[in-house]
Visitor: 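The structure follows.
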Amino acid sequence: MPDATGLELIAQELRAADGAPEGATSHSPILETRFFRGRGTLVVEPERIRAVLAHLRERGYSFMSSLHGVDHYPHEPRLGVVYELLDMARVDRITVKVLLGSDAPVLESVTPDTPEGAGWPTADHQEREVYDMFGVVFRGHPDLRRILMPEDYEGHPQRRDFPIGGEPVIFTYNERQAMGDAG
């Protein structure tokens with residue numbers, strides 16, 4: 001993993017590639033860098049996620065080991081999408097995080113079937129899962145639909161404000177009770 005200094009150098013490189021003046025954070029693709037417990041994280045502008053991931057791929061982070069959603073309820077921006085990238089030659093990893101508001105969260109897809117060229121093959125299935133569980137819409141995804149829940153299911157069960165409970169599970173020992181038959 002890049003150390004804190006290495007993480008700042010990567011962030012500076014990404015800012016320079018985007019044309020931001022040295023030291024500037026406004027109009028930069030990098031909103032923040034975090035180094036905690038040996039892990040480096042870049043917090044990125046949602047509109048620039050594709051460009052940042054493409055640049056990191058050129059730096060050697062060519063394998064996306066994970067893409068997942070998080071809910072920071074009750075804080076805003078509430079939803080996040082986290083990308084874990086791995087440089088397999090150096091056995092080095094970096095985390096890239098995007099924060100999205102809870103009202104109509106939309107993010108560009110990073111799947112392979114995008115007009116800009118090569119994407120991340122592992123993102124296809126994982127973007128669908130984040131869409132299904134958290135409600136993040138990945139614009140440009142080739143087949144964005146529910147993957148774990150039924151198509152007609154309402155809501156997103158991994159959001160922290162989703163009601164806990166659900167339908168009773170019927171087993172042989174509680175069949176009469178669950179069906180409402182006391183006798």
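Both backbone and side-chain heavy atoms feed into the values below; hydrogens, waters and symmetry mates do not.
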Visitor: Which heavy atom in P105 sits nearest to a heavy atom in R159, and how many Å separate them?
Guide: CG-NH2, 3.8 Å
Visitor: Using a 4.5 Å cut-off on heavy atoms from C-beta on, say whether the side chain of W120 contacts that of L53.
Guide: yes
Visitor: What's the separation between atom CG in L14 and atom NE2 in H55, rounded to the nearest 0.5 Å?
Guide: 4.5 Å
Visitor: Please check if atom OH in Y153 has more than 12 non-hydrogen atoms from other residues, nucleotides or ligands closer than 6.0 Å.
Guide: yes
Visitor: Quick one: does T122's side chain have a donor or acceptor within less than 3.5 Å of a partner on M64's backbone?
Guide: yes
Visitor: Side chains of E129 and L148: closer than 4.5 Å at any heavy-atom pair?
Guide: yes
Visitor: How close do P77 and G101 get, heavy atom to heavy atom, and via which atoms?
Guide: CB-N, 4.0 Å
Visitor: With side chain to side chain contact (heavy atoms under 4.5 Å, CB included) as the test, pick out the partner of T33 among V43, T41, L7.
Guide: L7
Visitor: For R59 and I10, run side-chain contact (heavy atoms from CB on, under 4.5 Å): C-alpha distance rounded to whole Å, both residues' side-chain angles, the deciding distance at 0.1 Å, then the answer.
Guide: CA-CA 9 Å; R59 274 189 120 259; I10 291 171; 3.6 Å; yes
Visitor: Under 6.0 Å from the CE atom of M88, do we count more than 12 heavy atoms belonging to anything else shown?
Guide: no
Visitor: Kindly work out whether a path of hydrophobic side-chain contacts (I/L/V/M/F/W/Y, heavy atoms less than 4.5 Å apart) joins L31 to L99.
Guide: yes
Visitor: For R48 and S28, indicate whether the former's side chain and the latter's backbone hold a donor-acceptor pair under 3.5 Å.
Guide: yes
Visitor: Please name the pair of heavy atoms, one in P157 and one in G155, separated by the smallest distance, quoted to 0.1 Å.
Guide: CD-O, 4.0 Å
Visitor: Once you round to the nearest 0.5 Å, how far does CZ of R128 lie from CE of M133?
Guide: 11.5 Å
Visitor: Salt bridge (Lys or Arg N to Asp or Glu O under 4.0 Å) between E32 and K97: does it pass, once the steps are laid out?
Guide: CA-CA 10 Å; E32 180 183 352; K97 186 173 188 177; over 6 Å; no
Visitor: Hey, could you give me the CD/CG distance between E47 and L107, rounded to the nearest 0.5 Å?
Guide: 9.0 Å
Visitor: Is any side-chain heavy atom of V96 closer than 4.5 Å to one of V82?
Guide: no
Visitor: Between D124 and H141, is any side-chain donor less than 3.5 angstrom from a side-chain acceptor?
Guide: yes
Visitor: Nearest 0.5 angstrom please: S109 OG to I49 CD1, how far?
Guide: 11.5 Å
Visitor: Does a salt bridge link D161 with R78, judged by any charged N lying under 4.0 Å from a carboxylate O?
Guide: yes
Visitor: As an exercise, state the distance from OG1 of T111 to NE2 of H125, rounded to the nearest 0.5 Å.
Guide: 14.0 Å
Visitor: Going only through I, L, V, M, F, W and Y residues with side-chain contacts under 4.5 Å, is there a path from M149 to F134?
Guide: yes
Visitor: In this structure, would V70 and V130 fall into the same cluster of hydrophobic residues linked by side-chain contacts under 4.5 Å?
Guide: no
Visitor: Under 3.5 Å, is there a donor on one side chain and an acceptor on the other for D92 and Y61?
Guide: yes
Visitor: Less than 4.5 Å apart, any side-chain heavy atom of S102 and any of E76?
Guide: yes
Visitor: Can you tell me if E84 and S65 form a side-chain donor-acceptor pair at under 3.5 Å?
Guide: no
Visitor: Looking at every heavy atom in both L67 and A123, which two are closest together, and how far apart are they?
Guide: CD1-CB, 4.0 Å
Visitor: Does the side chain of T95 come under 3.5 Å of the side chain of R39 through a donor N or O and an acceptor N or O?
Guide: yes
Visitor: Are F138 and I147 in one and the same hydrophobic cluster, where Ile, Leu, Val, Met, Phe, Trp and Tyr link if side-chain heavy atoms are under 4.5 Å apart?
Guide: yes
Visitor: Report yes or no: do L9 and I94 belong to one cluster of Ile/Leu/Val/Met/Phe/Trp/Tyr joined by side chain heavy-atom distances under 4.5 Å?
Guide: no
Visitor: Where do R160 and D71 come nearest, in terms of heavy atoms and distance?
Guide: N-OD2, 2.7 Å
Visitor: Indicate yes or no: does R139 engage E108 in a salt bridge with an N to O separation below 4.0 Å.
Guide: yes
Visitor: What verdict does the salt bridge (Lys or Arg N to Asp or Glu O under 4.0 Å) test give for R57 and D87, after you've listed the backbone C-alpha separation in whole Å, the side-chain angles of each residue and the deciding distance to 0.1 Å?
Guide: CA-CA 8 Å; R57 180 195 301 265; D87 178 337; over 6 Å; no
Visitor: May I ask you to test the V136-Y131 pair for a side-chain heavy-atom distance under 4.5 Å?
Guide: no
Visitor: Can you check side-chain contact (heavy atoms from CB on, under 4.5 Å) on L56 and L42, steps first, answer last?
Guide: CA-CA 11 Å; L56 291 172; L42 298 170; 4.3 Å; yes
Visitor: Excluding sequence neighbours, so at least two apart, what forms side chain to side chain contact (heavy atoms under 4.5 Å, CB included) with E151?
Guide: R145, R146
Visitor: How many angstroms lie between atom CG of L85 and atom OG of S66, to the nearest 0.5 angstrom?
Guide: 10.0 Å
